[in-house]
Amino acid sequence: MTRRLWSAALAALCAATPVASETAPKDVAFHEGAVEAPLSGAPGNPEAGVTVMTTNALGNCVACHTVAALPDVQFPGNIAPALDGVADRYSEAQLRGIVANAKMTFEGSFMPAFYKTDGFIRPGDGFTGKAAEGELPPILNAQQIEDVVAYLTTLKE
Amino acid sequence: MHRTAKSIAALALGLALTGMASADPVEDTLTVETDDGPLTLTTMTSAPDHLTDTMDTIWSGWHYREDDTRDMERDDFDNPGMVFVDRAIDSWNAPQGVKGESCAGCHEGPESMAGLRAVLPRVDPESGKLMLMEDHINSCVTERMGLEAWKLTGDEMKDMLALISLQSRGQPVNVAIDGAAAPFWEKGKEIYYTRFGQLEMSCANCHEDNQGMMIRADHLSQGQINGFPTYRLKDAGLLSSQQRFIGCVRDTRAETFKAGSDEFKALELYVASRGNGLSVEGVSVRH
């Protein structure tokens, strides 16, 4: 609980004060789906990454993926591949690319793009069902992407 | 005792079908205890011709729900949706038009509506418009009764959808997709496969590509609407197809469409056609 509050506070701080060295969603350079350079100025925090992955209002990765290392997650989904050993299968740059926009790696993937702000059909204002006003923020910010990537790189078998 | 026998039968059926993955819909048979005796519904059948490139079998959403939820639909006495049907019978008989007109005045008993639910939505030959059941009800309410149109997703409308649908319970869904319906059907199909919203999800992403799988605690069904309107335990009330569409598109973080919009009318025709051959369930029970 404390950790969650701390992460939420950190996330709010990140959202409020974009770091100068942050890469905007439109400026992310994909090479065969991979993104070499970190998106934020600060290193990723794997613990914060777990919070993003398991919180409905953030990444909610566990809606579709199972992670054996997170046995406390209730009702993980099984639409998408299990993430166990994902760091053996993909490099950090590949993982960053997949989290930012999986469709750059897997054409037509069901996985939402978590660091993308345009190119949507009838974009909405969150889950209100109303039209979005102006450009959408990405689902996750740069630091949250890095936090998730930092956790994923620990998932070795 | 009879439940045990039923379970064994279901198990035998399950073993008889090969290649079933663990995530597939549960094998079971829906026989409903009604006032007129037991009625066995078709909740699983061969896919209609237009879907055979995509899937072999279509399943009612009933097969994807928990044991307790499925059981509630087996007996009208246990089905919470029947309360709303009773309410609609009162409305059916009430002289509510400006000159005291009632539904019963023109149509006699609600059983005169038998068969209607199975073929809607359909194109009205005179106007060329695609008509939901809601549109037919509202044309009576406004033109014959002289009243303001009922709200498409309001209680009095959904109660009446339930009553009229129930008259077709057990009949196979059989909406026309050719002739005058073809352009509406094509439009609905296009919507079904369009990836809306910031999450970029189409109906097909969940209900065709991943039916039987879990999104968190939700068991993804084929998104069939043969059971609608449904009593939804989560809402403790009736839910129409149009309302379900609003919710699904909203949940893709999209600007959703309105109930009764051209888009959702076309989508209802297309989704209904994916269930051609399944029984109308009248008021189903889902969670």
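Below, chain A is the first sequence line, B the second, and so on; all start at residue 1.
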For chain B, which of [options] has the most heavy-atom pairs under 4.5 Å?
options	result
A:Ala113, A:Pro138, A:Ser109	A:Ser109
A:Ala132, A:Gly77, A:Gly129	A:Gly129
A:Pro123, A:Pro112, A:Ala63	A:Ala63
A:Gly126, A:Pro76, A:Gly119	A:Gly126

Heavy-atom proximity to chain B below 4.5 Å, by part of [X]:
X	answer
A:Lys103	side chain
A:Asp118	neither
A:Thr128	backbone
A:Leu136	side chain

Does atom CZ of A:Phe106 have more than 12 heavy-atom neighbours from other groups under 6.0 Å away?
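Yes.
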Atom CD of A:Glu135: over 12 foreign heavy atoms under 6.0 Å:
yes
To the closest 0.5 Å, what do you measure between [atom1] ([X]) and [atom2] ([Y])?
X	Y	atom1	atom2	value
A:Phe114	B:Leu199	CZ	CG	7.5 Å
A:Ile121	B:Ile191	CD1	CD1	11.5 Å
A:Asn78	B:Met213	CG	CE	4.0 Å
B:Glu200	A:Asn101	CD	CG	7.0 Å

Proximal component of B:Leu220, with respect to chain A [non-hydrogen, under 4.5 Å]
side chain
Heavy-atom contact with chain A under 4.5 Å, split by part of B:Thr194:
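Side chain only.
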Positive for side chain to side chain contact (heavy atoms under 4.5 Å, CB included) with A:Phe120, one of B:Arg253, B:Glu255, B:Arg195, B:Gln198:
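Answer after filtering B:Arg253, B:Glu255, B:Arg195, B:Gln198: B:Gln198.
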Strictly distance-based, threshold 3.5 Å: is any side-chain N or O of B:Asn205 a donor or acceptor partner for the main-chain N or O of A:Phe110?
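Checking the backbone N and O of A:Phe110 against the side chain of B:Asn205, no donor-acceptor pair under 3.5 Å is found.
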Please answer whether the main-chain N or O of A:Cys64 pairs with a side-chain N or O of B:Arg216 as donor and acceptor at a distance below 3.5 Å.
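No, the answer is negative, given that no donor and acceptor are paired below the 3.5 Å cut-off.
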Tell me the closest heavy-atom pair linking B:Phe196 and A:Arg122, and the distance in Å.
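Nearest heavy atoms, B:Phe196 then A:Arg122: CE2-CD, 3.8 Å.
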Residue, of B:Ser202, B:Ala254, B:Ala217, that accumulates the most heavy atom pairs under 4.5 Å with chain A
B:Ala254
